[in-house]
Participant: 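Have a look at this one before I ask anything.
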Amino acid sequence: MLAGYWPILLFLIVAGGIGVALIVIGWIAGPRRPSAEKYSPYECGFEAFEGARMKFDVRYYLIAILFILFDLEIAFLFPWATVFSKIGIVALVEMFMFLLLLVVGYIYIWKKGALEWD
Amino acid sequence: MKRVTEYLKSLLLLELAAGLWVTLKYLFKPKYTLRFPMETIPRSVRFRGLHALRRYPNGEERCIACKLCEAVCPALAITIDSAPRASDGQRRTTRYDIDLFKCIYCGFCEESCPVDSIVLTDILEYHMERRGENVITKPQLLAMGDRFEKSIAANRAQDAAYR
Amino acid sequence: MSMSSDPMILLWTLAKILVIAVPLIIAVAMYVWWERKVIGWMHVRMGPNKIGPFGLLQAFADVTKLLIKEIIIPTNANRFLYFTAPLLAVIPALAVWAIIPFDNGAVLSNANAGVLFLLAMTSLGVYGIILAGWASNSRYALLGAMRSAAQMISYEICMGMALVCVLILAGSLNFTAIVEAQAGGKGLFDWFWLPLLPMFFVYYISGVAETNRLPFDVAEGESEIVAGFHVEYSGSAFALFFLAEYANMILLSFLAPILFLGGWLSPFQGWHLGWFSQPGWWWLFLKFFIFATSLIWLRATFPRYRYDQIMRLGWKVFIPISIAWIFVAGLFKYFNVVTIGH
């Protein structure tokens, strides 16, 4: 069962090898002439006011939470979709009920304004 | 009704399709690019490029150090010193410098010259590699004149009827 | 795992991996060249034409230049994560090709859960971006990473739902089976784009957004946040991000035909046109070429979207359409509206 997957693992290792090799080549082939200005964080020419570890908008967290909800739902849908034709009407009705619940939640977050971006 | 048609239009992405059609048309248009070192645009005989000092056909330099060009130059790019020539006592320039960074290529020096000595050639491909090379001196200018006398003369002859 | 212990099979698989990975990297270089050429033509310019015939070697010259540039590590950066991020971007972008079939049977690993692996790998790409933004400890990089991550996860939902619709019709998580399910006597009208037409567009546009391409490239937005998450990267570390981005674009151009346009099947299958009705890898590559060029075409045509418009499109337009079409696809399947396979 799992025998078909080890080439994938090998490919992951090879891909990692290609990535590391490119960085190492660049590290060896490139020059290294340190200067304080060059190694300072980019800020359109002037010196950075403060660090980049700043607060940012809560909407990004909201989007991330919603993403987890919807992505989980898709993860549920995958096996359902695969065996759909074998189960028949039960699968159809049950998953439609599940989706309907999700749609209710979706309408709720829309009305709550969680999807607004300004 | 208008809102319905507007909605249908935006749903069918008609404007986006129109934009894509424009870029598709431009894809097949002939390109304007000129592959510069290999191809050049035709250059006018009046083109005002790099400077040169001309000579008479017998090899005598034309410039008589009248300093009209130095006086007329709006950018003060020309510097001239003069002295009697040792061999025959004629007044000649001992120094004739043009600062190419100051020069605005207006052509007044050429217009003012009574003996058609200083001219602007049609050469525009030149560069400096070191500091100070922007000031070109009398020997360099004379060498330019010697080297391109043929094309300078031809351009002047072609333009003579309109002057 | 018993097979992997045999060194010959291991070497053979390694050779097959290189046969996929090396042309992929060359394809990225050629794609960059083709992109610059097409955009040049659309701007009534010529594009690169100096290095090699038609400028074909331009991309290789650029790669060489990137490799011999200094890799700058900003003083405030977290050095370990700073170098992990490009690796995290490039490893999934390359490894995902393990399950992409190029022809019937021409696939490295004909895994049963191919679509799941695809989703896993494309999701991992987000980590590379967000780590790059955080580890560089620069404001522009962080802003770009946050924008980019939020945009990518938003559109991943739509992509996932489009995949679910395909899975409902095909009834398999295996890419070869998905393509074979689109075979039939009506040629291109048997493909999934017809019953899933809205999802086809949703998938394509989400894919453009997912790869951070114009008109959805707010993550890079040169005029606003300079280069976004990779503003602090230079040299070969930047080259890895570049490689990952273009490999993902090529992946999108392969997946859209495989999922919706019959993969290597001929559009004239069953029309009795002789050679033209035969399936073959050339059909897949032709479809790939058309999609890859269309991405360039979009870039040359459209201005950048505003960020709130992007989020609105993803959350308020595509997700309702996707959910609705899952219902429709389920009904299609249940009432056998769509014929599957031969």
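Both backbone and side-chain heavy atoms feed into the values below; hydrogens, waters and symmetry mates do not. Chain letters run A, B, ... following the sequence lines, proteins first, then strands; residues in each count from 1.
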Participant: Is Val103(A) in contact with chain C via its backbone, its side chain, both, or neither, using a 4.5 Å heavy-atom distance?
Facilitator: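 When you check distances to chain C, only side chain atoms of Val103(A) fall under 4.5 Å.
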Participant: Please give me the minimum heavy-atom distance between Glu210(C) and Thr122(C), naming the atom from each residue.
Facilitator: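 So the minimum-distance heavy-atom pair works out to OE2-O, 4.1 Å.
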Participant: What heavy-atom pair brings Pro31(A) and Lys69(C) nearest, and what distance separates the two atoms?
Facilitator: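 Of all heavy-atom pairs spanning Pro31(A) and Lys69(C), the closest is CD-C, 3.9 Å.
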Participant: What residue, out of Gly16(A), Gly19(A), Ala81(A), has the most heavy-atom pairs lying under 4.5 Å from chain C?
Facilitator: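 Option with the greatest count: Ala81(A).
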Participant: Which answer fits Leu240(C), side chain, backbone, both or neither, if we ask what part of it has an atom under 4.5 Å from a heavy atom of chain A?
Facilitator: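 Only the side chain of Leu240(C) comes within 4.5 Å of chain A.
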Participant: Under a 4.5 Å heavy-atom cut-off, does chain C meet the side chain of Phe96(A), its backbone, both or neither?
Facilitator: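 Phe96(A) touches chain C through backbone and side-chain heavy atoms alike.
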Participant: Given 3.5 Å as the limit, does a donor-acceptor pair link the side chain of Thr13(C) with the main chain of Pro7(A), or not?
Facilitator: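 No: the side chain of Thr13(C) does not pair with the backbone of Pro7(A).
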Participant: Checking Ser236(C) side chain against Val24(A) main chain: does a donor-acceptor pair fall under 3.5 Å?
Facilitator: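 Not a single qualifying donor-acceptor pair exists.
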Participant: Given heavy-atom pairs under 4.5 angstrom as the criterion, report whether the side chain, backbone, both or neither of Trp110(A) touches chain C.
Facilitator: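 It is the side chain, since no backbone atom gets that close.
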Participant: Where on Pro92(C) is there a heavy atom nearer than 4.5 Å to chain A: the side chain, the backbone, both, or neither?
Facilitator: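 Pro92(C) has no heavy atom closer than 4.5 Å to chain A.
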Participant: Taking all non-hydrogen atoms of both residues, which atom of Phe192(C) and which atom of Ala181(C) are closest, and how far apart?
Facilitator: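 Looking at all heavy atoms of both residues, the closest pair is CZ-CB, 4.0 Å.
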Participant: Are there over 12 heavy-atom neighbours, none belonging to Phe76(A), within less than 6.0 Å of that residue's CZ?
Facilitator: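 Check fails, neighbour count at 12 or below.
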Participant: For residues Ala95(C) and Ala15(A), report the shortest heavy-atom separation together with the two atoms involved.
Facilitator: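 Looks like N-CB, 4.3 Å.
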Participant: At a 4.5 Å cut-off on heavy atoms, which part of Leu87(C) comes close to chain A: side chain, backbone, both, or neither?
Facilitator: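 Side chain only.
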Participant: Should we count CZ of Phe78(A) as having more than 12 external heavy atoms under 6.0 Å?
Facilitator: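 Counting neighbours around CZ of Phe78(A), more than 12 heavy atoms of other residues, nucleotides or ligands fall under 6.0 Å, so yes.
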Participant: Give, as side chain, backbone, both or neither, the part of Ala239(C) having an atom under 4.5 angstrom from any heavy atom of chain A.
Facilitator: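 Neither part, no heavy atoms under 4.5 Å.
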Participant: So for atom CZ, which belongs to Arg79(C), do other residues, nucleotides or ligands contribute more than 12 heavy atoms lying within a distance under 6.0 Å?
Facilitator: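 Result for CZ/Arg79(C): open.
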Participant: Looking at Ile72(C), Val90(C), Leu18(C), which one has more heavy-atom pairs under 4.5 Å with chain A than the rest?
Facilitator: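 Highest number of pairs under 4.5 Å: Ile72(C).
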Participant: Between Leu92(A), Ile25(A), Leu102(A), Ile109(A), which shows the greatest number of heavy-atom pairs under 4.5 Å with chain C?
Facilitator: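 Of Leu92(A), Ile25(A), Leu102(A), Ile109(A), Leu92(A) has the most heavy-atom pairs under 4.5 Å with chain C.
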Participant: Taking side chain as everything from C-beta outward and backbone as N, CA, C, O, which of these in Leu14(C) sits under 4.5 Å from a heavy atom of chain A? Side chain, backbone, both or neither.
Facilitator: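 Both backbone and side chain.
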Participant: Output the option from Val83(A), Ile68(A), Val14(A), Asp71(A) having the highest count of non-hydrogen pairs under 4.5 Å with chain C.
Facilitator: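 Among the listed options, the one with the most contacts to chain C is Val14(A).
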Participant: With only heavy atoms counted, which part of Ile89(A) is less than 4.5 Å from chain C, the side chain, the backbone, both or neither?
Facilitator: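 Ile89(A) touches chain C through backbone and side-chain heavy atoms alike.
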Participant: Using a cut-off of under 4.5 Å on heavy-atom pairs, state which of Ile68(C), Leu94(C), Ile153(C), Leu167(C) scores highest against chain A.
Facilitator: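 It is Ile153(C).
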Participant: Where on Thr75(C) is there a heavy atom nearer than 4.5 Å to chain A: the side chain, the backbone, both, or neither?
Facilitator: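 Thr75(C) touches chain A through backbone and side-chain heavy atoms alike.
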Participant: Would you mind checking which part of Leu66(C) comes under 4.5 Å of any heavy atom in chain A, side chain (CB onward), backbone (N, CA, C, O), both or neither?
Facilitator: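 Contact with chain A is absent: no heavy atom of Leu66(C) under 4.5 Å.
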Participant: Can you tell which part of Ala113(C) gets under 4.5 Å to a heavy atom of chain A, answering side chain, backbone, both or neither?
Facilitator: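 Contact with chain A is through both the backbone and side chain of Ala113(C).
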Participant: Is the ring pair Phe241(C)/Tyr233(C) parallel, tilted or perpendicular, if the boundaries are 30 and 60 degrees?
Facilitator: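 Rings of Phe241(C) and Tyr233(C): perpendicular, over 60°.
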Participant: Is chain A contacted by the side chain of Val164(C), its backbone, both, or neither, given a heavy-atom distance below 4.5 Å?
Facilitator: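 Both parts, backbone and side chain.
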Participant: Name the member of Met121(C), Gln309(C), Met311(C) that forms the most heavy-atom pairs with chain A at distances under 4.5 Å.
Facilitator: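 Maximum pair count with chain A is reached by Met311(C).
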Participant: Which of the residues Ile319(C), Ile168(C), Val96(C), Ile326(C) is involved in the greatest number of heavy-atom pairs with chain A at under 4.5 angstrom?
Facilitator: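 Most heavy-atom pairs within the cutoff with chain A belong to Ile168(C).
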Participant: Taking every non-hydrogen pair under 4.5 Å, which of Leu67(C), Ile25(C), Val115(C), Leu243(C) racks up the most with chain A?
Facilitator: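 The candidate making the most pairs under 4.5 Å is Leu67(C).
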Participant: How many angstroms lie between CG in Leu10(A) and NZ in Lys16(C), if you round to the nearest 0.5 Å?
Facilitator: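 Between atom CG of Leu10(A) and atom NZ of Lys16(C) there are 11.0 Å.
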Participant: Would you say the side-chain atoms of Tyr307(C) pair up with the backbone N or O of Arg147(C), donor to acceptor, closer than 3.5 Å?
Facilitator: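 Yes, because the side chain of Tyr307(C) sits within donor-acceptor range (under 3.5 Å) of the backbone of Arg147(C).
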Participant: Which atoms of Leu66(A) come close to chain C, meaning under 4.5 Å heavy atom to heavy atom: side chain ones, backbone ones, both, or neither?
Facilitator: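 Backbone plus side chain of Leu66(A), per the 4.5 Å heavy-atom cut-off to chain C.
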Participant: Contact part of Met161(C) toward chain A, heavy-atom cut-off under 4.5 Å: side chain, backbone, both or neither?
Facilitator: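 Interface part for Met161(C): both.
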Participant: Regarding Ser123(C) and Glu156(C), do their side chains bring together a donor and an acceptor under 3.5 Å, going by distance alone?
Facilitator: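 Yes - a donor-acceptor pair under 3.5 Å links their side chains.
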Participant: Which bit of Leu88(C) is near chain A, if near means a heavy-atom gap under 4.5 Å: side chain, backbone, both or neither?
Facilitator: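 Answer is neither: Leu88(C) stays 4.5 Å or more from chain A.
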Participant: Does any non-hydrogen side-chain atom of Tyr39(A) lie less than 4.5 Å from one of Ile73(C)?
Facilitator: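 The answer is no, as the side chains (C-beta and beyond) never meet within the 4.5 Å cut-off.
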Participant: Can you list the residues that meet the side-chain hydrogen bond (donor to acceptor under 3.5 Å, both in side chains) rule with Lys316(C), with sequence neighbours excluded?
Facilitator: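 With sequence neighbours excluded, Lys316(C) shows a side-chain hydrogen bond (donor to acceptor under 3.5 Å, both in side chains) to Glu116(A), given in chain and number order.
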Participant: Looking at every non-hydrogen atom in both residues, tell me the closest pair between Ala98(C) and Ile8(A) and how far apart they are.
Facilitator: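 Closest approach of Ala98(C) to Ile8(A), heavy atoms only: CB-CG1, 3.9 Å.
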Participant: Examine whether an atom of Phe117(C) lies under 4.5 Å from a heavy atom of chain A, and if so say whether it belongs to the side chain, the backbone or both; otherwise answer neither.
Facilitator: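 For Phe117(C), the side chain is the part near chain A, not the backbone.
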Participant: Between Pro79(A), Gly26(A), Ala75(A), which shows the greatest number of heavy-atom pairs under 4.5 Å with chain C?
Facilitator: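 Greatest number of close heavy-atom pairs with chain C: Gly26(A).
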Participant: In terms of heavy-atom proximity below 4.5 Å to chain C, should Leu12(A) be classed as side chain, backbone, both, or neither?
Facilitator: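 Answer is both: backbone and side chain atoms of Leu12(A) are under 4.5 Å from chain C.
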